[in-house]
Amino acid sequence: MSWEPVIGLEIHVQLKTRTKMFCRCELGFGDPENTRTCPVCLSHPGTLPVPNAKAIEWTVKLGLALGCEIAPHAVFHRKNYFYPDLPKGYQISQYDQPLCTNGRFLVPGPDGDAYVGIVRAHLEEDAAKNVHVGGAAGRISGADRTLVDFNRGGTPLVEIVTRPDLRSAEDARIFLQLLRQTVVELGISDAEMEKGSLRFDVNVSVRPEGSSELRTRTELKNMNSFAFAARGIAREIGRQIEIYEKGGEVDQETLHFDPTREDAPPLRSKEEAQDYRYFPEPDLVPLAPARDLVERARAELPELPGQRIRRLERDYALPFYDAEVLSGLPALAALFERTVAAGGDAKATSNLVMNQIVAAGVDPAVVDGLELAKLVEARGRIPRAALDEAIAASGTPGFRADDYTADTAITDAEELRPVVERILEGNPSQVEAYRGGKTGLLGFFVGQVMRELGGKANPKVVNELLREQLGL
Amino acid sequence: MIDTLRLTAEDAAALLEDGEVAAAELHGAYLEAIRARDEELHAYLTTVDAPEGEGVPIAFKDVISTRGIETTAGSKILAGYRPVFDATVAKRCKQAGLPLLGKTNMDEFAMGSSTENSAYGPTRNPWDPERVPGGSSGGSAAAVAGGLAPWALGSDTGGSVKQPASLCGIVGLRPTYGTVSRYGIVAFASSLDQVGPLTKTVRDCARLYRIIAGRDAYDSTTVELREPVEIPAAEDLRGLRIGVPRELNEVEGIEAGVTDAVRRAIDLCGGLGAEVATCELPRSVEYGLACYYLVAPSEASSNLARYDGVRYGLRAEGNGAIREMYERTRDEGFGDEPKRRIMLGTYALSAGYYEAFYGQAQKVRTVIAREHAALFERFDVLVSPTSPTVAFRLGEKTENPLAMYLSDVLTIPSNMAGLPGLSIPCGLSDGLPVGFQLIGPQFSENTLFRAGHALERALEFDFVPPRLAAKDRA
């Protein structure tokens with residue numbers, strides 16, 4: 001029998017607002033413990049939450065980017081449970097009336113577009129951080145003591161829950177990467193897994209291909225990278241298939257991975273049905289995002305990475321792979337588009353931008369599209385080395401492609417040597433920097449020599465002379 | 001000599017203003033009265049030796065956070081807890097120059113109607129020390145009635161300002177929900193808690209309400225007042241339409257002496273020019289109490305979760321296990337009434353019961369609010385007794401929580417609707433004060449003050465407990 005994986009995700013994204021969700025403590029990362037706290041986020045008796053308007057605005061923005069409906073009336077609920085990282089004994093979260101519901105998120109793929117359904121995206125406060133002391137590698141088992149750092153407590157946190165629409169570990173990876181890029185480009189989160197500003201849990205089940213049933217799922221927790229997650233999901237899919245093929249049943253359980261040791265088998269725990277006794281938070285009034293504000297946010301939404309991939313594919317007839325790579329860095333995609341607009345051939349430009357520009361470490365944002373288009377046009381008829389030199393220099397101010405592509409270039413080293421020497425003498429600080437390791441400056445020197453000679457020099461020879469003079 | 005039993009806050013302010021008495025002298029007089037009488041009354045949990053401020057001194061219920069001054073909410077679990085910040089109302093009193101005399105006794109976490117649920121022993125009624133002062137703001141009420149403070153702040157969830165005011169023969173206001181900040185008030189039931197003044201006169205009450213009311217950026221549920229607070233002066237009730245809800249005046253358990261005193265006050269309203277008519281509040285009175293005992297404990301069960309021994313207050317040893325530390329701390333720290341309500345509330349919010357209990361109670365609450373709103377199309381003010389009984393004896397109801405809960409049967413319905421209520425003394429029954437409750441629509445405090453003041457003038461009730469007045473003369 002052939003099996004189909006069914007995967008859903010629950011993602012937590014910390015918003016990078018200046019202050020916390022319900023008090024005005026400034027947020028920071030890596031500050032000394034318990035220095036970003038106040039009576040409100042330490043839950044002293046009588047303190048009350050005051051919502052962060054920016055966090056609400058950003059959640060609306062994210063909801064729109066996820067294709068969600070923005071609720072005209074949303075409610076904060078209390079989720080009650082005891083834990084030392086939760087000083088009030090409840091978390092202010094959202095329950096049956098979240099801010100954003102029922103979205104669909106575009107995930108372009110090599111075989112066409114897919115949409116991942118979004119059940120909801122809601123706003124809540126992050127818990128504080130328990131620090132286990134005396135055990136192995138900060139883990140709870142074997143620790144002597146647990147201390148609490150409340151700096152993180154109360155950070156605005158958006159929880160996004162997808163429908164079980166993903167069908168492979170690779171799909172999940174692509175989705176997570178695209179989602180991450182989306183929140184980063186929206187400017188609302190760093191979404192860095194190492195810092196914990198992006199976290200996710202994965203629900204995995206399998207079913208016979210062609211069936212629409214939903215079988216028992218397991219929940220995978222604590223994976224600290226997309227690649228780790230993709231491997232963990234793939235392994236779990238394999239494990240479940242094996243169980244079914246041997247005639248067994250999958251147990252509903254949670255698999256806690258060790259973020260420090262990917263190869264360690266995950267700890268398993270039975271899913272306890274916790275009763276959180278949700279009820280509407282009486283210290284807050286319901287949220288009622290104004291229609292005109294929502295519509296303005298919708299109008300101001302930038303092009304999202306998924307849309308950009310699709311547009312690059314369609315408008316420029318690029319392969320999916322090219323569109324995905326270019327879209328991965330908005331500045332790269334923009335350079336590609338500037339260059340094509342200036343006359344560069346699309347596929348050739350794409351190759352040059354995503355391979356050579358990236359490899360040369362040139363900042364795509366400062367490259368002139370018109371000049372780059374000239375290089376794209378000349379790429380076949382000038383020596384490879386000349387093209388490389390030109391690419392390396394393409395980010396320097398005043399870069400002119402003609403300097404590298406001229407036909408009547410001087411190739412006589414003896415004729416060029418005095419010019420090279422003069423340029424090096426005239427730029428002692430750059431020479432020193434070059435010798436200090438900033439080898440990217442080679443392009444600068446080539447450019448200077450070219451300018452001196454009105455572009456009439458063979459870049460390959462200039463390059464050789466420079467290396468010889470610089471002695472490296 | 002300053003007669004603290006008789007001196008109103010308004011009189012005290014005038015003495016200060018005219019320079020007849022210095023602020024320190026005034027504090028001194030109250031501290032002296034506290035020394036003389038508080039051993040018997042036990043109105044205070046903490047007193048401040050050197051109060052700061054040049055105005056009329058004040059006492060706060062121990063539910064109000066005061067920076068650097070122990071704030072226990074009447075609970076052992078908060079013994080020794082000194083807030084690092086002032087509640088907004090405390091800050092506003094400070095800004096108005098009111099020196100703090102001390103913190104007053106209360107039922108633990110404001111749960112109770114007699115102040116007997118305090119972990120620090122009961123407060124006694126200045127009219128009769130064998131009787132309770134009411135609660136949960138019994139310490140504040142006894143302090144004002146017993147001349148141990150010119151005025152005081154309490155908090156009212158189900159009747160905790162109005163009922164002790166009634167039992168102690170003074171004036172108490174439960175303001176419209178949302179007009180006074182709850183920031184820094186140790187929370188009991190967030191959707192019901194409101195801070196209110198306890199004073200000797202309605203004019204004092206209006207003056208104190210003016211100081212504490214108004215939107216606070218630290219409490220998202222507060223609003224700006226719609227009109228400035230007026231200090232009442234009119235001595236008639238012309239043009240005022242008064243409704244007498246049958247159920248609030250005839251519910252089982254109202255003592256005959258209470259009914260008589262209230263009846264006389266209602267008749268007086270007619271004489272002062274008000275139009276008086278009977279009306280009905282059937283569902284509010286029938287379901288109010290039951291509804292309250294679902295909503296308030298549910299919220300309390302969550303609000304009291306923070307007392308876990310981790311950050312402040314009592315911590316019991318847990319033998320290295322966090323669950324055990326929580327359980328022992330909460331077992332040792334909470335008295336019976338908070339435990340009872342935490343259990344009730346936890347149950348009412350549990351999966352499978354939420355809809356039938358908390359959810360249903362919230363729907364009933366809407367019905368109660370609508371029923372009141374409908375009456376306010378015909379009436380400006382609704383009146384009734386504040387408490388079905390006069391002050392009862394210590395220990396009389398402690399063994400029967402349900403009997404104790406019934407003390408608030410007349411104050412709870414309008415509280416559930418978020419409405420303001422004023423209690424003024426209207427006479428005596430068996431030598432003990434009877435309270436008269438005036439309820440208005442939201443933000444109608446000015447109307448309540450006006451009506452209360454006119455009635456107060458006409459009733460000529462003497463707020464000084466005779467036994468203390470006699471003692472003073474002796």
Side-chain angles (χ1 to χ4, degrees), chain A residues 22-24 34 37-53 56 75-92 95-96 128 130 132 134 140 143-148 150 153 273-287, chain B residues 63-65 71-73 78 81 83-85 87-88 109 178 181-187 189-193 216-222 295 298-299 301-313 320 322-323 325-327 330 345-354 358-359 362:
Chain A
F22 294 115
C23 64
R24 299 298 84 86
N34 294 313
T37 60
C38 73
V40 177
C41 56
L42 291 176
S43 309
H44 285 196
T47 54
L48 298 171
V50 176
N52 184 328
I56 294 165
V75 176
F76 283 111
H77 272 68
R78 288 188 186 177
K79 180 179 182 180
N80 295 283
Y81 64 96
F82 284 94
Y83 209 60
D85 66 7
L86 193 70
K88 293 190 293 295
Y90 55 86
Q91 178 194 32
I92 303 178
Y95 182 51
D96 55 358
N130 286 348
H132 306 295
I140 189 162
D144 293 335
R145 283 174 300 147
T146 298
L147 304 173
V148 192
F150 289 97
Q274 273 239 47
D275 185 353
Y276 292 117
R277 290 173 284 120
Y278 281 100
F279 74 102
E281 165 58 287
D283 288 330
L284 294 170
V285 294
L287 291 175
Chain B
V63 77
I64 297 171
S65 298
T71 300
T72 67
L78 279 175
Y81 165 68
V84 295
F85 68 104
T88 297
F109 287 105
S181 171
R182 291 181 293 115
Y183 187 73
I185 309 308
V186 177
S190 312
S191 72
L192 289 154
D193 296 345
D216 174 22
Y218 290 94
D219 179 352
S220 330
T221 62
T222 53
V295 172
S298 294
E299 293 179 7
S301 71
S302 174
N303 282 333
L304 268 53
R306 68 187 56 194
Y307 306 105
D308 57 7
V310 173
R311 284 145 296 127
Y312 44 73
I322 185 85
R323 289 279 138 188
M325 189 279 275
Y326 285 158
E327 283 168 18
R330 291 166 68 78
T346 302
Y347 185 76
L349 289 175
S350 297
Y353 297 99
Y354 179 92
Y358 190 82
Q362 289 296 13

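Excluded from the calculations below are hydrogen atoms, water molecules and symmetry mates; all remaining heavy atoms, backbone and side chain alike, are included. A, B, ... follow the sequence lines: proteins, then strands. Residue 1 opens every chain. Everything numeric here is computed off the predicted structure, so don't read it as measured data.
- With a threshold of 4.5 angstrom between heavy atoms, A:Y81 does not approach chain B through any atom at all.
- Of all the heavy atoms in A:L284 and B:T221, the pair that sits closest is N-CG2, 4.3 Å.
- The part of B:Y354 that comes within reach of chain A is its side chain, from C-beta onward, which places non-hydrogen atoms under 4.5 angstrom from that chain.
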>> The test is side chain to side chain donor-acceptor pair (under 3.5 Å); show your working for B:R306 and A:Y90 and say whether it passes.
In response: CA-CA 8 Å; B:R306 68 187 56 194; A:Y90 55 86; 3.2 Å; yes
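- When each of A:P51, A:P39, A:P49, A:P87 is checked for heavy-atom pairs under 4.5 Å with chain B, A:P87 comes out on top.
- Atom-to-atom distance recorded for A:S43:OG and B:Y307:OH is 10.0 Å, nearest 0.5 angstrom.
- Proximity to chain A involves both the backbone and the side chain of B:R182, based on heavy atoms less than 4.5 angstrom apart.
- You'll find the side chain of A:P280 reaches within 4.5 Å of the side chain of B:Y358, heavy atoms only.
- Both the backbone and the side chain of B:T346 come within contact range of chain A, with heavy atoms under 4.5 Å apart.
- Highest contact tally toward chain A, considering only B:G352, B:S302, B:A348, is held by B:S302 [criterion: heavy-atom pairs under 4.5 Å].
- Nearest heavy-atom pair, B:R323 versus A:F82, reported as atom, atom and distance to 0.1 Å: NH2-O, 2.9 Å.
- For the pair A:R277 and B:S350, the minimum side-chain heavy-atom distance is below 4.5 Å.
- Annotation: maximal heavy-atom pairing with chain A below 4.5 Å, among B:N303, B:I64, B:L192, B:T88, occurs at B:N303.
- Interface remark: A:P84 contributes backbone and side-chain atoms alike to the contact with chain B (heavy atom separation under 4.5 Å).
- For B:D193, no part sits under 4.5 Å from any heavy atom of chain A, backbone or side chain.
- In this structure, chain A has a heavy atom under 4.5 Å from the side chain of B:L78, while its backbone stays farther away.
- A:P45 approaches B:F85 most closely through the heavy-atom pair O-CZ, 3.5 Å.
- At a threshold of 4.5 Å between non-hydrogen side-chain atoms, the residues A:L48 and B:S220 do not count as touching.
- At least one side-chain heavy atom of B:S190 sits less than 4.5 Å from a side-chain heavy atom of A:R78.
- Contact annotation for B:A351: both backbone and side-chain heavy atoms come within less than 4.5 Å of a heavy atom of chain A.
- Interface remark: B:A217 contributes backbone atoms only to the contact with chain A (heavy atom separation under 4.5 Å).
- With a 4.5 Å cut-off on non-hydrogen atoms, A:D283 touches chain B through its backbone and its side chain both.
- For B:Y81, the part sitting under 4.5 Å from any heavy atom of chain A is the side chain, from C-beta outward, and nothing else.
- The shortest distance between side-chain heavy atoms of A:T47 and B:Y183 falls below 4.5 Å.
- Contact annotation for B:S191: both backbone and side-chain heavy atoms come within less than 4.5 Å of a heavy atom of chain A.
- When all heavy atoms of A:G89 and B:A305 are compared, the closest pair comes out as CA-CB, 3.8 Å.
- For the pair B:R311 (side chain) and A:L42 (backbone), a donor-acceptor distance under 3.5 Å is present.
- Contacts between B:I322 and chain A at a heavy-atom distance below 4.5 Å involve the side chain alone, from C-beta outward.
- How far CZ of A:F279 is from OG of B:S298: 7.0 Å, rounded to the nearest 0.5 Å.
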